[in-house]
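The structure under discussion appears below in the form of C-alpha cells.
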Number of protein chains: 2
Amino acid sequence: MSSSGYEQTERTTPTRYRERASYDRATVHAILDDGYVCHLGFVRDGAPVVLPTLYGRVGERLYIHGSTGSRPLRAAGEAHEPGMPVCVTVTHVDGLVLARSAFNHTLNYRSVVIQGTARPVTDAEELTTALDALVDQAVPGRSADCRPATRKEVAATAVLRVDLAEVSAKVRNAPPADDAADAALPHWSGVVPVTTVYGAPVPAPGQDPGAPVPAYLTGR
Amino acid sequence: MSSSGYEQTERTTPTRYRERASYDRATVHAILDDGYVCHLGFVRDGAPVVLPTLYGRVGERLYIHGSTGSRPLRAAGEAHEPGMPVCVTVTHVDGLVLARSAFNHTLNYRSVVIQGTARPVTDAEELTTALDALVDQAVPGRSADCRPATRKEVAATAVLRVDLAEVSAKVRNAPPADDAADAALPHWSGVVPVTTVYGAPVPAPGQDPGAPVPAYLTGR
C-alpha cells in the first residue's frame with residue numbers, strides 16, 4: 001500500500017464508471033471531512049440493514065455513533081468476534097445534471113465507500129477521543145465548548161471504529177455528457193448546483209436570546 | 001394493514017427513540033418525495049454493500065436506478081430468484097442540535113428505511129414509467145422535456161423495484177433536550193438549521209447561453 005493511496009481491491013473496483021473512482025487518501029479524507037452523516041450497512045439475520053448515523057474521522061479511523069440501533073449493533077459485535085462486517089458510505093450531492101436525453105441525466109456527486117470491520121470502542125481514552133470527534137465533525141470546535149460526558153454518559157454511548165483500509169471514492173463533477181446526435185435538440189442542457197446551507201442559529205427556549213453566538217457557528 | 005399506515009414489524013421497530021418512529025403513509029411519502037438519492041444496501045459474499053443511487057416513487061413502488069454497480073445487482077437478481085433482499089434508506093438532515101452537554105448533541109432529521117425485496121423491472125411499459133419517475137423525482141416535469149430513451153438505451157438501463165410494505169420513518173424536529181441540571185451552564189444551546197439550496201442553472205458548453213431556463217427549474 002502506498003502512503004498516498006488505499007490499496008485497490010476487487011470489491012472497491014466499481015463495475016461502471018471506473019474513471020470516476022479514486023483511491024487517493026487526500027480525496028477520501030476531504031469527502032469524509034465535508035460531512036458528518038454516514039449510511040452504515042450491516043447484515044442482520046441474513047438481510048441488509050442501512051441506518052443513517054453520525055461519524056467522526058480521526059486519521060485513518062472512522063468512529064461511528066452507535067445510538068441508532070445500538071442493540072442490534074452490540075449484539076452483532078458480540079456475535080461476530082472480532083468485529084462485524086460493515087459498509088460505511090458518505091455521499092454529497094453537488095449538482096443535478098440535465099442532459100438533452102433522459103438517458104444521460106445524472107448527478108454531480110462525491111461519495112466514499114468504506115468496507116471493513118466495525119469494533120466497539122472500549123478503551124476509555126480512545127472513547128473520549130471518539131466522542132470529541134463525533135461532536136467536532138459536525139461542528140468543528142464545539143467539543144471544547146460544552147459539558148464533557150460524564151462517566152455514566154460515556155458508558156451509555158456505543159461507538160464503533162472502522163479502520164480506513166478498503167476504501168474508494170467516486171466523484172463526478174462535469175457538465176452533461178450529451179450525445180453528439182442530441183446537440184441540436186431544443187431541450188435545455190446544463191447543471192443545477194446543489195449546496196448545503198447553514199441558517200442563522202436558533203437559540204433554545206430558555207437560552208438567553210441575547211447570548212452571543214459562538215464564533216465556530218457564525219463562520220459557517 | 002390499514003390504508004393509512006404500514007404494518008409495524010419487529011425489524012421496523014427501532015431499538016432506541018421509538019417515539020420518533022412513524023408508520024404513517026403520508027409521512028413516509030413526504031420524506032421520500034423530498035429527495036431523490038437513496039442508499040441501497042444489499043449483501044454480497046456475506047458482506048454488506050451500501051451504494052448511493054437515484055430513486056423514483058410511484059405510489060407504493062420505489063424504482064431504483066441500477067447503474068451504480070449494476071453488474072453485481074444483476075447477478076444478485078439472477079441468483080436470488082425471486083428477488084434480492086435489500087434495505088433502502090433516505091435521509092434528510094434538517095438541523096445541527098447543539099445541547100449544553102456533549103452527550104445531548106444530535107441532529108434534526110427525517111429518514112425512511114425500507115426493507116424488502118428488489119426485483120428487476122422487465123415489463124416495457126413499467127420500465128418507461130420507472131425511467132420517467134427517476135428523472136421527475138429529481139426534477140419534476142423534466143421527463144416531458146427531454147429526448148425519451150431509445151429502445152437500446154432502455155435495454156442498457158437496469159431498474160429495480162421495491163414495494164413499500166415493510167417501511168418506517170423516523171423524525172426528530174425539536175430544540176436541544178438539555179438536562180435540567182445543565183440549564184445554567186454558559187454554553188450556547190440551540191439549533192443550526194440545515195437546508196439544501198439549488199443554485200442558478202449553469203448552461204452546458206454548447207448550449208445557447210441565451211436559451212430560456214425552463215420554468216420547472218426557475219421555480220426552485
Side-chain angles (χ1 to χ4, degrees), chain A residues 15-16 37 39 41-43 47-50 52 67 69-71 85-87 89 91 93 96 98 100-103 105 111 131 135 138-139 143 145-149 153 175-176 182-183 185 187-199 201-207 211 213-214 217, chain B residues 15-16 37 39 41-43 47-50 52 67 69-72 85-87 89 91 93 96 100-103 105 111 131 135 138-139 143 145-149 153 175-176 182-183 185 187-199 201-207 211 213-214 217:
Chain A
T15 50
R16 290 194 63 189
V37 173
H39 280 81
F42 56 99
V43 180
V49 181
V50 179
S67 84
S70 65
R71 235 198 311 166
V86 296
C87 181
T89 300
T91 305
V93 175
L96 309 173
L98 282 69
R100 292 180 177 88
S101 65
F103 185 74
H105 277 64
S111 65
L131 292 173
V135 168
V139 186
S143 72
D145 182 30
C146 57
R147 177 177 66 69
E153 288 171 342
D182 293 337
L185 292 178
H187 312 297
W188 189 88
S189 174
V191 174
V192 180
V194 179
T195 48
T196 298
V197 170
Y198 296 89
V202 179
Q207 160 91 31
V213 176
L217 288 182
Chain B
T15 50
R16 290 193 63 189
V37 173
H39 282 80
F42 56 98
V43 180
V49 181
V50 179
S67 84
S70 65
R71 236 197 311 166
V86 296
C87 182
T89 300
T91 305
V93 175
L96 308 173
R100 292 179 176 88
S101 65
F103 185 74
H105 277 64
S111 65
L131 292 174
V135 168
V139 186
S143 72
D145 182 30
C146 57
R147 176 176 67 67
E153 288 172 340
D182 292 337
L185 293 177
H187 312 298
W188 190 88
S189 174
V191 174
V192 180
V194 179
T195 48
T196 299
V197 170
Y198 296 89
V202 179
Q207 160 91 32
V213 175
L217 288 183

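In what follows, chains are A, B, ... by sequence order, proteins preceding strands, each numbered from 1.
- Taking A:Val93, A:Val194, A:Thr195 one by one and counting their heavy-atom pairs under 4.5 Å with chain B, the maximum is reached by A:Thr195.
- Under the rule for a side-chain contact (heavy atoms from CB on, under 4.5 Å), the partners of B:Ala211 that lie at least two apart in sequence or sit in another chain are B:Gln207, B:Asp208.
- Counting heavy-atom pairs closer than 4.5 Å to chain B, the top residue among A:Val202, A:Leu131, A:Thr91 is A:Val202.
- Options A:Val139, A:Leu96, A:Thr196, A:Leu185 differ in how many heavy-atom pairs under 4.5 Å they form with chain B, and the most are formed by A:Leu96.
- Among A:Pro176, A:Ser111, A:Pro214, the residue with the largest count of heavy-atom pairs under 4.5 Å with chain B is A:Pro214.
- Within the 4.5 Å cutoff, no side-chain heavy atoms of A:Ser189 are placed close to those of B:Pro203.
- Between chain B and the options A:Ala183, A:Pro175, A:Ser101, the largest number of non-hydrogen pairs under 4.5 Å is found for A:Ser101.
- A heavy-atom distance below 4.5 Å is not found between the side chains of A:Cys146 and B:Arg100.
- Contacts between A:Val135 and chain B at a heavy-atom distance below 4.5 Å involve the side chain alone, from C-beta outward.
- Only the side chain of A:Asp182 has a heavy atom closer than 4.5 Å to any heavy atom of chain B.
- When heavy atoms are compared at a cutoff of 4.5 Å, A:Val49 approaches chain B by way of both its backbone and its side chain.
- In this structure, B:Pro148 has no side-chain contact (heavy atoms from CB on, under 4.5 Å) partners at least two apart in sequence or on a different chain.
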